[in-house]
Amino acid sequence: MAGFFITFEGIDCCGKTTQARKLVSYLRRRGHQVLLVREPGGERIAERIRRILLSEKNSEMSLISELLLYQSARAQLTERMILPALKEGKVVVCDRYADSSLAYQGYGRGLNKKMIKQLNQISTSGLVPDLTILLDLPVKISFRRKEKEKRKKDRLERERFEFHQRTRRGYLTIARQNRRRIKLIDGTKDIDETWQNVRKVVDSFFGKARR
Ligand code: TYD
């Protein structure tokens, strides 16, 4: 595989979407061909699944159904968008990927982690990111940022504090178990300071990749 696959992870309002966009313009300025996608979504059918997943009307969704819909959206995005772009030598930047399922459905919801890993393996066709940036943030700050935004909360954002707490801790555990791939960055800083930290991690990644 010729390209590079970079993912962003973290709890809601950690700033990953902003940082992913900044990274994409930075890489483009440096001459890379870049595809930016998000999960769930990033592809026509996957975007339709996203609407089902996030609609606050779907409060009766079962946990297994939720898990499988995320996986289904991931399979669609991976096969139709990510793998072809990597084959063409592009850098693919993805806002959330398989780690989200393990953190939210595994640690957050309490579903069996081994099962989720198996499903991730299927929906990603075994694709693992070359680099994952985890923006870590205390749940308290995440909730405060959400309040400030004052937009309507989606179905997952409506979950209570403990769910997000378990999800955050899950992310930190996943990062500890994948030290080479996952780089932890403090998400409490302002946009520019966080970006400097992201840039350092990415520069070092490309420096090593070139060697
Ligand atoms: P996202 O659009 O990234 O929201 P935000 O920008 O607020 O982070 O993701 C939507 C929600 O979906 C988010 O609350 C996390 C959740 N999610 C899962 O629970 N499992 C998954 O596998 C993925 C990809 C997302």
Side-chain angles (χ1 to χ4, degrees), residues 3-28 32-55 66-67 69-86 90-106 108 120 123-124 127-137 141-142 145-146 149 151 153-157 164 167-168 170-171 174-175 178 181-189 191-192 194-195 197-199 201-202 205:
F4 293 105
F5 185 30
I6 302 175
T7 60
F8 280 85
E9 295 283 356
I11 59 171
D12 305 335
C13 297
C14 67
K16 62 187 172 40
T17 308
T18 306
Q19 297 299 327
R21 288 200 189 120
K22 278 186 162 295
L23 175 62
V24 169
S25 17
Y26 176 70
L27 292 175
R28 284 191 180 137
H32 290 280
Q33 286 219 54
V34 189
L35 171 73
L36 172 65
V37 282
R38 67 167 177 184
E39 265 216 6
E43 188 269 348
R44 192 180 68 86
I45 297 172
E47 284 292 333
R48 297 187 71 171
I49 298 173
R50 178 189 178 89
R51 246 179 281 151
I52 300 172
L53 275 165
L54 299 186
S55 166
E66 175 185 280
L67 170 67
L69 284 172
Y70 278 116
Q71 296 294 347
S72 178
R74 180 163 306 131
Q76 198 63 28
L77 179 70
T78 303
E79 214 181 296
R80 303 248 316 129
M81 307 292 290
I82 300 177
L83 289 175
L86 289 175
K90 290 184 181 153
V91 179
V92 177
V93 177
C94 193
D95 188 343
R96 296 193 182 283
Y97 199 57
D99 294 318
S100 281
S101 289
L102 199 53
Y104 280 82
Q105 279 66 52
N120 276 343
S123 62
T124 61
L127 177 70
V128 178
D130 298 296
L131 171 68
T132 296
I133 292 164
L134 171 59
L135 294 175
D136 179 53
L137 191 71
I141 300 182
S142 158
R145 287 184 184 174
K146 245 177 250 176
E149 280 181 10
R151 60 177 166 82
K153 290 193 183 77
D154 68 41
R155 195 176 56 84
L156 272 95
E157 287 171 343
H164 293 282
T167 303
R168 179 201 182 194
Y171 267 131
I174 300 168
N178 296 273
R181 171 173 68 88
I182 304 180
K183 303 298 172 201
L184 191 68
I185 288 180
D186 181 356
T188 63
K189 309 284 189 226
I191 293 177
D192 286 336
T194 305
W195 164 243
N197 293 329
V198 171
R199 194 179 51 76
V201 164
V202 171
F205 167 77

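For clarity, every value in this text was computed on a predicted model and none was experimentally measured. Side-chain atoms are counted along with the backbone in the values below, which use heavy atoms only and exclude waters and symmetry mates.
Between the side chain of Q19 and the backbone N or O of I191 there is at least one donor-acceptor pair closer than 3.5 Å. Panel note: side chain E157, backbone D154; a donor-acceptor pair is recorded below 3.5 Å. Judged by distance alone, with hydrogens and angles left aside, the side-chain atoms of S100 form no donor-acceptor pair with the main-chain N or O of R96 at under 3.5 Å. A donor-acceptor pair under 3.5 Å links the side-chain atoms of N120 to the main chain of A98, judged by distance alone. Not a single donor-acceptor pair under 3.5 Å links the side chain of S142 to the backbone N or O of C13. Between the side chain of R168 and the backbone N or O of I11 there is no donor-acceptor pair closer than 3.5 Å. Using a distance-only test at 3.5 Å, with no hydrogens or angles considered, a donor-acceptor pair links the side chain of T78 to the main chain of R74.
Rounding to the nearest 0.5 angstrom, the gap separating the CD atom in E9 from the NZ atom in K183 is 15.5 Å. To the nearest 0.5 Å, the span separating NZ on K90 from CZ on F4 amounts to 15.5 Å. Distance CG/L53 to CG/L69: 5.0 Å, rounded to 0.5 Å. In this structure, CG on L27 lies 12.0 Å from CD on Q33, to the nearest 0.5 angstrom. Here the CG-OG1 distance, from D95 to T17, works out to 3.5 Å after rounding to the nearest 0.5 Å.
Of all heavy-atom pairs spanning C14 and L137, the tightest one is CA-CD2, 3.7 Å. The nearest pair of heavy atoms linking A103 to I174 is N-CD1, 3.9 Å. Taking all atoms of both residues into account, the shortest heavy-atom contact from V92 to A85 is CG2-CB, 3.7 Å. Nearest approach of A46 to A73, heavy atoms of both residues: CB-O, 3.7 Å. Residues G3 and D130 approach most closely at O-OD2, 4.2 Å, considering heavy atoms. Taking both residues in full, the closest heavy atoms of V37 and G42 are given as CG1-O, 4.0 Å, listed atom of the first, atom of the second, then distance.
Inter-residue side-chain proximity for D192 and K22 is flagged as met; some heavy-atom pair is nearer than 4.5 Å. Proximity of D186 to K189: side-chain heavy atoms (C-beta onward) are separated by under 4.5 Å at one or more points. Residues L36 and C94 are not in side-chain contact: their nearest non-hydrogen atoms beyond the backbone lie 4.5 Å or more apart. Residues E39 and R50 form no side-chain contact, since every pair of their non-hydrogen atoms from C-beta on lies 4.5 Å or further apart. Between R181 and V128, the closest side-chain pair of non-hydrogen atoms falls below 4.5 Å. Inter-residue side-chain proximity for I133 and L135 is flagged as met; some heavy-atom pair is nearer than 4.5 Å. When side chains are defined from C-beta on, F8 counts as touching L23, because their heavy atoms get closer than 4.5 Å. Taking 4.5 Å as the limit, every side-chain heavy atom of L86 sits out of range of all side-chain heavy atoms of M81.
Ring to ring, Y97 and F5 are close: their centroids are under 6.0 angstrom apart. A centroid separation of 6.0 Å or more is found between the aromatic rings of Y70 and Y104.
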task: Any chance you could lay out the salt bridge (charged side-chain N to carboxylate O under 4.0 Å, His left out) test for E66 and R155, step after step, and finish with the verdict?
output: CA-CA 11 Å; E66 175 185 280; R155 195 176 56 84; 3.0 Å; yes

message: Could you walk me through whether V198 and I185 satisfy the side chain to side chain contact (heavy atoms under 4.5 Å, CB included) test, starting with their C-alpha distance in whole Å, then the side-chain angles of each, then the deciding distance to 0.1 Å, before giving a yes or no?
response: CA-CA 7 Å; V198 171; I185 288 180; 3.8 Å; yes

message: Before you tell me yes or no, could you show the steps for T132 and D99 under side chain to side chain contact (heavy atoms under 4.5 Å, CB included), namely the whole-Å CA-CA distance, both residues' side-chain angles and the distance that decides it to 0.1 Å?
response: CA-CA 9 Å; T132 296; D99 294 318; 3.8 Å; yes

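Of the options Q71, E47, R48, E43, a side-chain hydrogen bond (donor to acceptor under 3.5 Å, both in side chains) to Q76 is made by E43 and by none of the others.
Environment of CZ in R28: crowded, with over 12 heavy atoms of neighbouring residues, nucleotides or ligands closer than 6.0 Å. More than 12 heavy atoms of other residues, nucleotides or ligands lie within 6.0 Å of CZ in R145, so this atom counts as buried by the packing criterion.
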